[in-house]
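Contents: one structure, followed by commentary.
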Amino acid sequence: MFAHSDAAAGGTPALAQRVVPVKMVVAGGFGVGKTTFVSTLSEVEPLTTEASMTSVAAGVDNRGDVGTKTTTTVAMDFGRLTVDETLVCYLFGTPGQDRFGFMWDDLANGALGGIVLVDTRRFDDCFPAVDYFEHRNLPFAVALNAFDGQVAHEPAQVRAALNLSDDTPVVVCDARQTSSAKTVMLALLEVVLARAMAKRGG
Amino acid sequence: MTDGGNARSRSFLDQHRPAVGEEPGRARRGVRPYLITGGRTVGHDRSIEIESQVVQSGLALDDAASPESRALIQICSKSVSVAEAAALLSLPLGVTRVLVADLVASGVLDHHRGDGAVDDVDVIRRLMARVRAL
C-alpha cells in the first residue's frame with residue numbers, strides 16, 4: 001500500500017504516517033449553540049459544507065412541510081482538533097433542525113460519540129437527537145447550555161425527564177467557554193473509553 | 001442571553017451559509033453539481049466517509065481531468081478529510097465524494113477511514129489528553 005511513497009516524496013508528505021480520523025457529532029435544536037460549541041473547541045474557524053438530503057428524510061421529518069420536495073440542501077459546520085501527526089478529531093454540527101435523513105447516518109457512522117446540546121427553555125428540541133443516539137447505541141453526553149448563565153432545569157431533572165441511562169453524563173455548560181466545552185467533551189470521552197475498555201476486556 | 005450565546009455562530013453563518021433552499025452549485029458556480037459529476041448521483045461509494053482522509057498518491061492526474069478534480073488534488077497535497085476538501089472547494093459534500101471516489105479508483109488519491117478507532121483505547125486516551133490541554 002506504500003507503492004507510491006517514492007513518487008509522493010516530491011514535496012508531498014508520504015503515506016508512511018497515516019492520519020487516523022475520528023469524529024464527534026454535536027446535535028441539538030436550532031439555535032442551541034452547536035456551531036458555537038464546535039468553534040470553541042476547534043483549532044480553526046469552523047468550515048461549512050453543503051449536503052443534500054434526499055426524500056429519505058421527508059418521511060421522518062416532523063415539520064410536515066416537506067411535501068413533494070425531494071431534495072433539501074443543508075449547511076453543515078464542522079471543526080477540527082489535531083491530536084498529533086497521526087490522529088485528528090472532527091466535530092460535526094448536525095445540520096437542520098430535526099431532520100434525520102441519510103446525512104445523520106453519515107455523521108453517526110463510525111463516530112466516537114455524540115453531544116446533545118440542550119436549551120432548557122426549549123427542552124423538547126433535544127428529543128430527536130437523544131432518541132437517535134439511543135437507537136444507534138452511540139455513547140452521548142447531554143450538555144445543558146446555560147443561556148444567561150442559568151438553566152431552567154437542573155441536570156437531575158433533565159436526566160429523569162429524558163429517562164437517560166446511568167452512564168450518560170448530563171452537565172451544565174457554556175458553549176462559548178473553552179473550559180466548559182472541554183468538560184463536556186471529557187465527560188463523553190470517559191464513557192467512550194469505558195465502553196472501549198469493556199469491549200477489550202470482554 | 002440567547003443573542004450573546006449565538007453571536008459568533010450567527011455572524012459566521014451570515015458570511016458563509018447559503019440561504020435556505022439555495023442550490024450551492026448554481027448560486028456559487030453557475031454550474032449544476034451533476035455536470036461536475038458527469039450526471040451521476042451523489043454518494044454512490046458509501047465506503048468514503050465524510051471524515052475519511054484523502055491524500056495524493058503521487059500518481060499524475062489524467063490530462064483530461066476536470067478543473068474540479070485538479071483543484072481537489074491540489075488540496076490533497078496533505079492529508080485532509082473529505083468534508084474539509086468539500087468546504088475548501090466550495091463543492092457540495094456529495095459531489096466531492098463522487099470526485100474522490102473517481103480519483104481513488106484511478107489511483108491518484110489514497111484514502112483511508114478511521115475504522116477501529118472507536119474501540120481503540122490508545123486513540124481515545126490520546127484524544128482525551130489533547131482535549132485536557134486545550
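For the numbers below, each heavy atom of this structure counts, side chains included, while hydrogens, waters and symmetry mates do not.
Looking at A/Arg80, the atoms closer than 4.5 Å to chain B (heavy atoms on both sides) all sit in the side chain, from C-beta outward. Only the backbone of A/Ala111 comes within contact range of chain B, with heavy atoms under 4.5 Å apart. Contacts between A/Val88 and chain B at a heavy-atom distance below 4.5 Å involve the side chain alone, from C-beta outward. For chain B, the nearby part of A/Glu43 is the side chain; its heavy atoms alone come within less than 4.5 Å. For chain B, the nearby parts of A/Thr86 are the backbone and the side chain; heavy atoms of each come within less than 4.5 Å.
Scanning both residues, B/Leu127 and A/Cys89, for their nearest heavy atoms gives CD1-CB, 3.7 Å. B/Val118 and A/Ala196 get closest at one heavy-atom pair: O-CB, 4.1 Å. Shown here for A/Tyr90 and B/Val80, the closest heavy-atom pair between the two residues is OH-C, 4.4 Å. When every heavy atom of B/Gly114 is checked against every heavy atom of A/Val20, the shortest pair comes out as CA-CG1, 4.3 Å. Between A/Pro21 and B/Ser52, the shortest heavy-atom contact is CG-CA, 4.4 Å. Closest approach of B/Ala117 to A/Leu112, counting heavy atoms only: O-CD2, 4.0 Å.
Side-chain atoms of A/Leu186 and B/Met128, non-hydrogen and from C-beta on, do get closer than 4.5 Å to each other. Considering only heavy atoms from C-beta on, A/Arg18 stays 4.5 Å or farther from B/Gln53 through its side chain.
Side-chain N or O atoms of A/Lys182 include one that pairs as donor or acceptor with a backbone N or O of B/Leu134 at under 3.5 Å. In this structure, the side chain of B/His112 engages the main chain of A/Val19 through a donor-acceptor pair within 3.5 Å. No donor-acceptor pair under 3.5 Å is formed between the side chain of A/Lys23 and the backbone N or O of B/Glu51.
Between chain B and the residues A/Val22, A/Val83, A/Leu41, the most heavy-atom pairs under 4.5 angstrom are made by A/Val83.
Rounding to the nearest 0.5 angstrom, the gap separating the CG atom in A/Leu81 from the CZ atom in B/Arg130 is 4.5 Å. In this structure, CZ on A/Arg195 lies 11.0 Å from CD1 on B/Ile124, to the nearest 0.5 angstrom. Considering CG of B/Leu93 and CD of A/Glu50, their distance stands at 9.5 Å, rounded to 0.5 Å. Rounding to the nearest 0.5 Å places CG of B/Asp119 at 11.5 Å from CG of A/Leu193.
By the 4.0 Å N-to-carboxylate-O rule, A/Asp106 lies close enough to B/Arg97 to be salt-bridged with it. Ion pairing between a basic and an acidic side chain is recognised when a charged N comes within 4.0 Å of a carboxylate O; B/Arg126 and A/Asp84 show such pairing.
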